[in-house]
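Order of the sequence lines fixes the chain letters, A, B, ..., with proteins taken first and strands second; residue numbering starts at 1 for each chain.
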Amino acid sequence: MQSRENQFIQLRKQKLEKLYTAGIDPYPIKSHRTHKITEVLKGKEEWVASGQEVILAGRLVAMRRQGKLGFGDLEDASGKIQIYVAQNLVGEENYELFKLCDSGDFIQAKGTLFFTQAGEYSLKASQISLLAKNLRPLPPIKEKVIDGKLVRYSALSDVELRYRKRYLDLLLNPSHRDIFIRRAKIISAIRSFLDEREFIEVETPILQPLYGGANARPFVTHHNALNIDLYLRIATELYLKRLIVGGFEKVYELGKDFRNEGMDRTHNPEFTMLELYEAYSDLEGMMELTESLLQCLAMDVLHQSIYRFKGYDIDLSKPFQRASMQELLKEYLNLELSEDDYEQALAFCKQHDIEVPPGSKTGKLIYLIYEDMVEDKIIQPTFVTDFPKEVSPLAKAKPDNPFWADRFELVVAGYELANAFSELNDPLEQRVRLEAQAALRALGDEEAAVVDEDFLEALEYGMPPMGGLGIGIDRLVMLLTENDSIKEVILFPQMKPE
RNA sequence: GGUCCAGUAACUCAGCGGUAGAGUAUCUGCCUUUUAAGCAGAGAGUCGUUGGUUCGAGUCCAACCUGGAUCACCA
């Protein structure tokens, strides 16, 4: 007994045979499109009046045949139009071809534009031809425009199927296509913004002999010719800084990082990061840059600076609020902690079931409390400043109190969107910090950083003072497309094998 | 990893102890201005998997698989 699906496919294959018998190539090498559909959708009356013949091509997404005439909906990437195919216009032979067409086929239709009796703007075909036969029926989608709103009577909504066979999702759910179009616009706008400010886009190794620049467990792979293990990068930071040592003043990289950790609504094992470094700038400069960038994205992509996300009105017009971590603990938890309050901080963690990794000192505890109990409550764009130095091994300490690092994270709608600091350029101090991380590793913290001697050597040659900024692009896209799952903004999210 | 929810026809779902259902899709017939086309008819499901309870299991129970939500860790 054949599966139902195979029976569907068998039927289509029988049609293929009929096409071959009729001497029709179901997969011809050339198409002859003269216009994109969107082009004929502009100036409809003029097209109709001119009687100009056009050839449109696309996927047949719906068929309404009735006797010796029929209608179909033809869709290309630019739009959708109805085609009208009548036997007395295309001829008996060509009409037989139309009868062998299924929804899902790619076809091209030659003809002129007109309005049907029902008033729908359509292509009146003088000839149709097949461009690519569909063998596997698409899930049926019925839709109708009521009061200007598109009503769908059924849709591909199975989340797993949507992610595993993303092409079907994109094909059948046009609004999901729009998410990725917007993603592309965001990335393109970021590039323009940085290019205009004279940043140089660079590419640094994804395969690295040592990993660094963040706290995370890496993926390990093996290079056969060198017979060494290599790590997939967890961040681009240490290589970009080497470039500043090498004389570049403004660099950025937009690319994938890889972290061997859990997956959930906000984490995919590979994700897209923007990192940039600007010599002679500082934290203030990074704030200005971040504000301007987000403002620019809001206007270029959203065309407005205030928009709804998860029921909140998010206002991306600058300047953003600023608050130190200490101030936020006071504001949200009525908790006053400073560098000497280890016991108090520890007690608070225990009281609120916050897991404390071995080797944690006061700074780590303050950071844990903030992350656990404050971060997700911050809705409007806020620069959270003054992170404990203990959790910022690559950032400069604040001159007035070296317990704190000159660092900020930008939090929007409870998400950490950007992370920036005045980059540590003192090679001896950097060594001490990395060795402290190594000590944490020895205590069992698998995410603590490793000591990168080559990086330290580069710093010894001298690196100017500078500001650095990292922005998680997937989360940014989530925010600007109003999605709260990272899988919705990644075309092919990581899934368990079937 | 913990907890909760879900998996029935190609799609969306109903059925929750007694012979597997609907709409759409598909196939056949009719139909020259339809548009969720229409009318008439037909075919189509190991009811996620494996066990168990029962005279009898999509239906109850258990385990497992897959996914989603949520909590814990991280961007």
Side-chain angles (χ1 to χ4, degrees), chain A residues 1-12 14-15 61-73 80-89 95 102-104 114-122 124 136-146 150-164 168 172 213-217 234-235 257-275 353-355 357 368 371-372 375 409-411 415-419 445-447 470-476 478 484-487 495-498:
Chain A
M1 189 70 174
Q2 277 179 322
S3 77
R4 182 69 191 144
E5 190 177 47
N6 275 332
Q7 288 178 31
F8 273 118
I9 293 171
Q10 285 309 317
L11 279 163
R12 302 257 165 140
Q14 285 166 18
K15 287 193 180 178
V61 292
M63 288 271 272
R64 294 176 292 281
R65 275 198 43 238
Q66 41 168 324
K68 293 187 174 60
L69 71 81
F71 297 87
D73 293 336
K80 185 158 80 171
I81 191 170
Q82 175 171 272
I83 61 170
Y84 168 83
V85 184
Q87 195 192 51
N88 64 340
L89 295 176
Y95 197 74
D102 294 296
S103 94
F114 80 118
F115 288 98
T116 64
Q117 278 182 10
E120 173 141 357
Y121 182 67
S122 310
K124 184 184 284 182
R136 199 178 281 267
L138 299 171
I141 296 292
K142 293 277 184 177
E143 58 190 28
K144 183 185 187 180
V145 177
I146 298 174
L150 191 68
V151 178
R152 316 205 99 201
Y153 293 87
S154 111
L156 185 77
S157 61
D158 182 283
V159 179
E160 182 180 1
L161 192 63
R162 285 185 35 237
Y163 296 152
R164 287 193 192 278
L168 289 180
L172 301 171
N215 293 336
R217 281 149 65 189
I234 59 172
D257 287 344
F258 307 84
R259 297 189 187 173
N260 205 342
E261 288 162 352
M263 297 155 50
D264 62 23
R265 206 176 77 256
T266 57
H267 296 85
N268 196 61
E270 55 181 289
F271 60 101
T272 304
M273 257 320 261
L274 167 70
E275 282 193 44
D353 288 325
I354 296 172
E355 198 182 321
L368 288 172
E371 260 214 325
D372 209 65
E375 190 180 75
E409 285 189 358
L410 175 66
V411 179
Y415 290 118
E416 176 197 331
L417 202 60
N419 183 13
D445 184 349
E446 289 184 78
E447 289 174 356
I471 295 182
I473 298 299
D474 308 280
R475 290 197 178 165
L476 177 66
M478 284 165 67
D484 58 8
S485 168
I486 199 168
K487 286 189 163 83
M495 302 284 281
K496 280 195 200 177
E498 280 181 285

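- Distances shown here put a side-chain N or O of R164(A) below 4.0 Å from the OP1 or OP2 atom of rG67(B).
- One atom, CG of L138(A), and another, P of rU26(B), lie 11 Å apart when rounded to the nearest Å.
- Nucleic acid contact class of E120(A) (heavy atoms, under 4.0 Å, all strands): base.
- Base contact: A118(A) has a heavy atom under 4.0 Å from a base atom.
- Comparing M63(A) and I486(A) against RNA chain B, the residue whose closest nucleotide sits nearer the 5' end is M63(A).
- Here the closest heavy-atom approach between residue T116(A) and residue F114(A) is recorded as CG2-CZ, 3.8 Å.
- The side chain of P139(A) lies closest to rA10(B), out of rA10(B), rG68(B), rU34(B).
- R65(A) comes within 4.0 angstrom of a nucleotide base, judged by non-hydrogen atoms across all strands.
- If you check rG67(B), rC11(B), rU32(B) against the side chain of E160(A), the one that comes closest is rG67(B).
- Here the side chains of F258(A) and P269(A) are not in contact, with every heavy-atom distance at 4.5 Å or above.
- The residue N88(A) sits close to a base: some heavy atom pair falls under 4.0 Å.
- Taking only side-chain nitrogens and oxygens, K487(A) never comes nearer than 4.0 Å to OP1 or OP2 of rG67(B).
- Spacing between atom CD1 of I9(A) and atom C1' of rA25(B) amounts to 15 Å, rounded to whole angstrom units.
- Distances shorter than 4.0 Å separate some side-chain N or O of S157(A) from OP1 or OP2 on rU12(B).
- F114(A) comes within 4.0 angstrom of a nucleotide base, judged by non-hydrogen atoms across all strands.
- Every residue two or more places apart in sequence or in another chain was checked for a side-chain hydrogen bond (donor to acceptor under 3.5 Å, both in side chains) with R65(A), and none qualifies.
- When the P atom is used for both rC30(B) and rU19(B), the distance is 39 Å, rounded to whole Å.
- The nearest whole Å value for the distance from the CZ atom in F8(A) to the C1' atom in rA44(B) is 8 Å.
- rG67(B) takes the anti form, because its glycosidic angle lies more than 90° either side of 0.
- Formation of a donor-acceptor pair under 3.5 Å by the R259(A) side chain with backbone atoms of I234(A) is found in this model.
- With hydrogens and angles disregarded, a donor-acceptor distance shorter than 3.5 Å links the side chain of Y95(A) to the backbone of L69(A).
- Using a 4.0 Å heavy-atom distance criterion, D264(A) is classed as a base contact.
- With hydrogens and angles disregarded, no donor-acceptor distance shorter than 3.5 Å links the side chain of N419(A) to the backbone of E409(A).
- Among the nucleotides rA72(B), rU32(B), rU24(B), the one closest to the side chain of D372(A) is rA72(B).
- Contact annotation for N268(A): base contact, defined as any heavy-atom pair under 4.0 Å involving a base atom.
- Between R162(A) and L172(A), every side-chain heavy-atom pair lies at or beyond the 4.5 Å cut-off.
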Pairs counted as Watson-Crick or G-U wobble with both distances under 3.5 Å: what dot-bracket string results for RNA chain B, using | for bases tied to another strand?
((((((((.[[[[.)..(..]]]].(((((.......))))).....[[[[[..)....]]]]])))))))....
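- Under 4.0 angstrom from either OP1 or OP2 of rC27(B) there lies at least one side-chain N or O belonging to K15(A).
- Listed candidates were rU33(B), rU35(B), rA69(B). Nearest to the side chain of S485(A) is rA69(B).
- Nucleotides rG56(B) and rG18(B) are separated by 15 Å at their P atoms, to the nearest Å.
- No contact: G472(A) has no heavy atom under 4.0 Å from any strand.
- One atom, CG of D158(A), and another, C1' of rC5(B), lie 14 Å apart when rounded to the nearest Å.
- Within the 4.5 Å cutoff, side-chain heavy atoms of Y415(A) are placed close to those of D484(A).
- Within the 4.5 Å cutoff, no side-chain heavy atoms of V159(A) are placed close to those of K487(A).
- R265(A) has its CZ atom 9 Å from the C1' atom of rU70(B), to the nearest Å.
- Nearest-nucleotide assignment on RNA chain B puts the 5′-proximal partner with S103(A), out of F71(A) and S103(A).
- Within the nucleic acid shown, E275(A) has no heavy atom closer than 4.0 Å to any nucleic acid atom.
- Nucleotides rU54(B) and rC61(B) are separated by 16 Å at their P atoms, to the nearest Å.
- The nucleotide whose nearest atom lies closest to any side-chain atom of M495(A) is, among rC73(B), rC27(B), rG67(B), rG67(B).
- Across the C1' atoms, rU12(B) and rG1(B) are found 34 Å apart, a figure rounded to whole Å.
- rA69(B) sits 32 Å from rU53(B) when the C1' atoms are compared, rounded to a whole Å.
- Separating the C1' atom of rA57(B) from that of rG48(B) is a span of 16 Å, rounded to the nearest Å.
- Put simply, CG on L11(A) is 13 Å from P on rA44(B), counting in whole angstrom units.
- The gap from the C1' atom of rA42(B) to that of rG58(B) amounts to 26 Å, rounded to the nearest Å.
- Between the P atom of rU32(B) and the NZ atom of K124(A) lies a distance of 16 Å, rounded to the nearest Å.
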Could you check T266(A) against M478(A) for side-chain contact (heavy atoms from CB on, under 4.5 Å), going step by step and ending with a plain yes or no?
CA-CA 9 Å; T266(A) 57; M478(A) 284 165 67; 4.2 Å; yes
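- rC4(B) and rG38(B) have their P atoms separated by 45 Å, given to the nearest Å.
- The distance between atom CD of Q82(A) and atom C1' of rA36(B), rounded to the nearest whole Å, is 14 Å.
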